[in-house]
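Below is one structure; the comments refer to it alone.
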Number of protein chains: 2
Amino acid sequence: MTEKSEELPDEMAINAWARLHRISNIALERVEDRLKKSGLPPLAWYDVLLELRRAKGQGLRLIEIEKRTLLAQYNASRLVDRIVAAGHAEKRKAQEDGRGVLVYLTSSGGRLLDEMWPTYRTAIKEDFADRLTERDIETLFKILAKLLPD
Amino acid sequence: MTEKSEELPDEMAINAWARLHRISNIALERVEDRLKKSGLPPLAWYDVLLELRRAKGQGLRLIEIEKRTLLAQYNASRLVDRIVAAGHAEKRKAQEDGRGVLVYLTSSGGRLLDEMWPTYRTAIKEDFADRLTERDIETLFKILAKLLPD
DNA sequence: TCTAGTTAGATGCATTTGCATGAAAAATCA
DNA sequence: TGATTTTTCATGCAAATGCATCTAACTAGA
């Protein structure tokens, strides 16, 4: 009579779930701490600037920034405004779509991205990569793939 | 000359890192959405209430709540105040330590915890457990253990 | 014991987030 | 085409977070 229920997540799943989020939380907090100590902006800025660089001078629609960074619409809108106000990006009206805004990386923004990366990279290395084997990392990558949205 | 650098995290590590945080972010957002749709408070409330229940009527020091939930000191302080204001917990002065506060779960808090769990549990099941094999879950658990703080 | 230093918790103030809504342009459809 | 719906982005207002600092109590050291 100790058969496994098909209806509930078992103990192990709950523990793994909890650990996953705990690890993510701790790791991100450490990155933010490192950035702060280096006098750099929060990680969210990096994410946006990186997407802008990936757009290779084409400019990125605000809605694309939302999707790629997983920011809520109003957060993307205001974060970009702050980045623009700091001179690290520019907004221009989209030609094809009168509602749209295109965001471009400025040279200052490119420099900021390059300044942030060493700090961010060190965190990824020390708090993550150095503690896992290559095999762990590949396994983790594959397992997590199953959890990506459909 | 294409030897692997020992100084930098490689591409694979960076991708796994990014995926880890992306998955965590998406999954947590889905839980919050489900809770909201059910008219329930945010996940942080659950975390605190659960720790209070685990204290089994002994009461929990605020500082313990901070440590266990990973909340910042001021956030724990104010979140507990909100939970207390809603009648789901009580604060009492700690006997042994004049600075300290002990937080107790009320019966209302216990009921809320029980109300939240089905929604939370369903999220864990559908967005996590159902998409992985038992073996995946164990593997994930073990790999993540290596990333826990020392 | 007196003093300096540390720890637990609260809180004023600025920033950020979340919610709801608005405005303008585009898309759909009768 | 004209009306309706949807999409894109912005924003006022409320709530939550982060920062810095404060108070009170405990601890350690002379």
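Order of the sequence lines fixes the chain letters, A, B, ..., with proteins taken first and strands second; residue numbering starts at 1 for each chain. Quantities reported herein were computed from a predicted structural model and do not represent experimental measurements.
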Co-membership, hydrophobic cluster, residues A:Met12 and A:Leu20, 4.5 Å side-chain: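 In one cluster: yes.
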
Of all of residues 47-70 of chain B, which get a heavy atom below 4.0 angstrom from DNA chain C, listed by number?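 Hits under 4.0 Å, by residue number: B:Arg61, B:Leu62, B:Ile63.
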
Looking just at side-chain N and O atoms, do A:Asp136 and A:Thr133 make a donor-acceptor pair shorter than 3.5 Å?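 There is such a pair (donor and acceptor under 3.5 Å, judged by atom type) between the side chains of A:Asp136 and A:Thr133.
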
Base, sugar-phosphate alone, or nothing: which one does B:Lys91 contact when heavy atoms must sit under 4.0 Å apart?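 Sugar-phosphate: the residue B:Lys91, judged by heavy atoms under 4.0 Å, touches backbone atoms but no base.
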
What ring-ring contact (aromatic ring centres under 6.0 Å, His included) pairs are there with at least one residue in residues 123-150 of chain A, not counting sequence neighbours?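 Residue pairs with at least one partner in residues 123-150 of chain A: A:Phe128-B:Trp17.
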
Return the set of residues passing side-chain hydrogen bond (donor to acceptor under 3.5 Å, both in side chains) with A:Arg68 (not counting sequence neighbours), or none when no residue passes.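 Partners of A:Arg68 by the side-chain hydrogen bond (donor to acceptor under 3.5 Å, both in side chains) criterion, ordered by chain and then number, come out as A:Glu64.
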
Run the salt bridge (Lys or Arg N to Asp or Glu O under 4.0 Å) test against A:Glu66 and tell me which residues pass, sequence neighbours left out.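 Residues passing salt bridge (Lys or Arg N to Asp or Glu O under 4.0 Å) with A:Glu66: none at all.
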
Contact list for residues 99-109 of chain A, test side chain to side chain donor-acceptor pair (under 3.5 Å), sequence neighbours left out: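 Only A:His88-A:Ser108, A:Asp97-A:Arg99 qualify under side chain to side chain donor-acceptor pair (under 3.5 Å).
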
Outermost DNA chain C nucleotides near chain A [under 4.0 Å, heavy atoms]: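 Range of nucleotides within reach of chain A: C:dT16 to C:dA26.
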
Separation of A:Gln73 atom CD from D:dT6 atom P, in whole Å?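 Checked: the CD to P distance equals 17 Å.
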
Considering only nitrogen or oxygen atoms on both sides, find all protein atoms under 3.5 Å from nucleotides 23-25 of chain D and state each distance.
| from | atom 1 | to | atom 2 | distance (Å) |
| --- | --- | --- | --- | --- |
| D:dA25 | O3' | B:Gly98 | N | 3.3 |

Strictly by salt bridge (Lys or Arg N to Asp or Glu O under 4.0 Å), give each pair with a member in residues 12-30 of chain A just once, sequence neighbours left out.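 Qualifying pairs: A:Arg30-A:Asp127.
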
Residue list, side chain to side chain contact (heavy atoms under 4.5 Å, CB included) with A:Asn75, at least two apart or on another chain: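 By the side chain to side chain contact (heavy atoms under 4.5 Å, CB included) rule, A:Asn75 matches A:Leu71, A:Ala72.
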
State, to 0.1 Å, how close A:Ala16 and B:Ile137 come at their nearest heavy-atom pair, and which atoms those are.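 Looks like CB-CG2, 3.7 Å.
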
The contact string for nucleotides 12-19 of chain D, one letter per nucleotide 5' to 3', using protein heavy atoms under 4.0 Å with B, S and - for base, sugar-phosphate only and none, comes out as BB--SSBB

Show the atom names and distances, to 0.1 Å, of all donor-acceptor pairs under 3.5 Å that link a side chain in residues 76-87 of chain A to residues at least two apart or in another chain.
| from | atom 1 | to | atom 2 | distance (Å) |
| --- | --- | --- | --- | --- |
| A:Asp81 | OD1 | A:Lys91 | NZ | 2.6 |

Carboxylate-amine/guanidinium contact A:Lys125 B:Asp10, below 4.0 Å: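 No, this pair does not count.
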
Salt bridge check, A:Arg54 against A:Glu51: does any charged N sit closer than 4.0 Å to a carboxylate O?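 A:Arg54 and A:Glu51: salt-bridged.
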
Just distance, no hydrogens or angles: give the donor-acceptor pairs under 3.5 Å from side chains in residues 35-50 of chain A, sequence neighbours left out.
| from | atom 1 | to | atom 2 | distance (Å) |
| --- | --- | --- | --- | --- |
| A:Ser38 | OG | A:Arg34 | O | 3.0 |

